[in-house]
Structure formats: C-alpha cells, structure tokens
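First comes the structure, then the notes that go with it.
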Amino acid sequence: MIWPGMGDPTKRKKTLKFLAITAGVGFVIYFGGLEIQNYLHKEDPLYQCINNRDISYKISATLEVTIDGKKADIPAKVGFEGGCQKSLYTLSNDGVIHAAWNKEYRFEIGQFLWIWKFPLRDMDETKSRILVNGVESSDFVHTPLEDGAHYKAEFVSKASESGSPSFTPPGT
C-alpha cells in the first residue's frame, strides 16, 4: 500500500519534511510547557517535597470527615509518595493533619483534600459543609487551616440521591 503523499519521490520528501517539522514543534511545545510549569511551581508548597528543606512554619489541626452521615477514616501517610513528603500530610490515622513549609503560607482544607485525592467531584457541594470549631465556614474548601483548630467536613455524595451505594474515599 502506498500512503498518500508517498508515491512521487518529490512529494515524499516534502511530506516527510512536514511530518518531521510538526513532530519537532510538538516536542518543543510539550517540553517547553513542562519547563514553564516547573518554573511556576518551584516555590509552591503543594508541588514540592519538604524532605530536604529547612522548615520553619508548622501547624497541625484535627479533621473529621463524614460522607452521607458515615464517618470516613483519614489514612496514615497521606502526603507521602515515592520518597517525597508533601507540605500537607498525616502521620497516623488519628485525624491530625500537619502542614509545614519554609515560611508562613495560607494552607486550606481543600488543598489537603486534593493531596489526599479525595473525590470532591463526587460530592454535592451545595449540601456539603465545613465546620471550624463547630461553626460553619462560608469558605467551604477554601477554609484556611489554623493551628490547633478542629475541622469537620460533612459531605453528601451525588450518589446518595440516586440510590447508589455511597462513596468512600480511597484508603478507607
């Protein structure tokens, strides 16, 4: 079978040159984009490992998560992946979450949920809420973490209305 543009030797040369240039441009865009992302995230604590950093800012708080009225356990070692310790992490499954960075940073509950890989998209955000020391926060997942505070996240899954089994997060 002769591929389109490959029958005539002059057309073949032009076609192969076009494909090589297109592949080159694609590689430059892909790897250039990765470099730009790495540059933009180099001082973002959510994307960096804190293993070899001089940590001067540390806070911890307790978090309790319920999904459709059932308590969900927060697993130990959230934020530890492949030898990398993230700035938001847990050491045990007792509900204490820790935040650490080399300078003061405004950590949020939603950032911890993101690192935990909590399926927030499966939750009905209009019926879910975050309580800080017993008082509902208007910031929902953007609620800032405060040292020593107690957070309670009450989520209602989208599946709860459809009659499907309720979702439980990974590791529970």
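Residue numbers count from 1 along this sequence.
Between Tyr105 and Ser87, every side-chain heavy-atom pair lies at or beyond the 4.5 Å cut-off. Ile130 places none of its side-chain heavy atoms less than 4.5 Å from the side chain of Glu136. Pro45 is not listed as a side-chain neighbour of Leu88, based on a closest heavy-atom distance of 4.5 Å or more. Between Asn93 and Pro75, the closest side-chain pair of non-hydrogen atoms is not below 4.5 Å. When side chains are defined from C-beta on, Ile97 does not count as touching Ser60, because their heavy atoms never get closer than 4.5 Å.
Checked for salt-bridge contact, Lys117 and Glu81 meet the test: a charged N lies under 4.0 Å from a carboxylate O.
Note on Phe27: it clusters hydrophobically with Leu34, by side-chain heavy-atom contacts below 4.5 Å among ILVMFWY residues. Cluster annotation: Val96 is not connected to Leu91 through the hydrophobic network of ILVMFWY side chains, with a link wherever side-chain heavy atoms come within less than 4.5 Å. One hydrophobic cluster holds both Ile21 and Ile29 under the rule that ILVMFWY side chains link at heavy-atom gaps under 4.5 Å.
With rounding to the nearest 0.5 Å, the separation of CG in Asp94 from CD1 in Ile74 is 9.0 Å. Atoms NE2 and CD, on His142 and Gln111 in that order, are 9.0 Å from each other to the nearest 0.5 Å. Atom OG1 of Thr62 sits about 8.0 Å away from atom CG of Asn133, to the nearest 0.5 Å. Taken to the nearest 0.5 Å, the NE2 atom of His98 stands 11.5 Å off from the CG atom of Leu145. Between Ile59 atom CD1 and Phe107 atom CZ the span is 6.5 Å, to the nearest 0.5 Å. Met123 contributes atom CE, which lies 10.0 Å from atom CG of Leu113 (distance to the nearest 0.5 angstrom).
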Please assess Phe155 against Leu120 for the test side chain to side chain contact (heavy atoms under 4.5 Å, CB included), listing each intermediate value before the final yes or no. CA-CA 9 Å; Phe155 293 106; Leu120 192 58; 3.5 Å; yes
Using the rule given for ring pair (Phe, Tyr, Trp, His ring centres under 6.0 Å), can you reason through Phe80 versus Trp116, listing the C-alpha separation, both sets of side-chain angles and the distance that settles it, and then say yes or no? CA-CA 10 Å; Phe80 290 85; Trp116 179 17; over 10 Å; no
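With Phe18 as the fixed residue, the side chain to side chain contact (heavy atoms under 4.5 Å, CB included) test singles out one of Thr15, Leu16, Thr22: Thr22.
Across every non-hydrogen atom of Ala61 and Ala149, the tightest pair is CB-O, 3.2 Å. Among all heavy-atom pairs drawn from Ala72 and Ile67, the shortest one is CB-CD1, 4.1 Å. Smallest separation of non-hydrogen atoms from Tyr151 and Glu146: OH-N, 2.7 Å. Across every non-hydrogen atom of Ser128 and Val156, the tightest pair is OG-N, 3.0 Å. The minimum heavy-atom distance between Val141 and Glu108, with the atom names listed, is O-CB, 3.8 Å.
Identified under the ring pair (Phe, Tyr, Trp, His ring centres under 6.0 Å) test for residues 50-70, with sequence neighbours left out: none. Sorted by first and then second residue, the salt bridge (charged side-chain N to carboxylate O under 4.0 Å, His left out) pairs with a member in residues 14-36 form an empty list; sequence neighbours excluded. Note on residues 55-84: pairs passing disulfide (SG to SG under 2.5 Å), not counting sequence neighbours, are Cys49-Cys84.
Between Phe112 and Tyr89, a ring centre-to-centre spacing not shorter than 6.0 Å is recorded.
Considering only residues two or more places apart in sequence or on other chains, Glu154 meets the side-chain contact (heavy atoms from CB on, under 4.5 Å) condition with Thr66, Arg129, Leu131, Lys152. Every side-chain contact (heavy atoms from CB on, under 4.5 Å) that Lys58 has, sequence neighbours left out, goes to Ile55, Ala100. Residues that satisfy the salt bridge (Lys or Arg N to Asp or Glu O under 4.0 Å) test with Arg121, not counting sequence neighbours, are absent from this structure.
The backbone N or O of Gln85 lies less than 3.5 Å from a partner atom in the side chain of Asn51, making a donor-acceptor pair. Under the 3.5 Å distance criterion, the side-chain polar atoms of Thr90 are matched with a main-chain donor or acceptor of Val78.
Side-chain atoms of Asp122 and Ser157 form no donor-acceptor pair, as typed in the model, at a separation below 3.5 Å.
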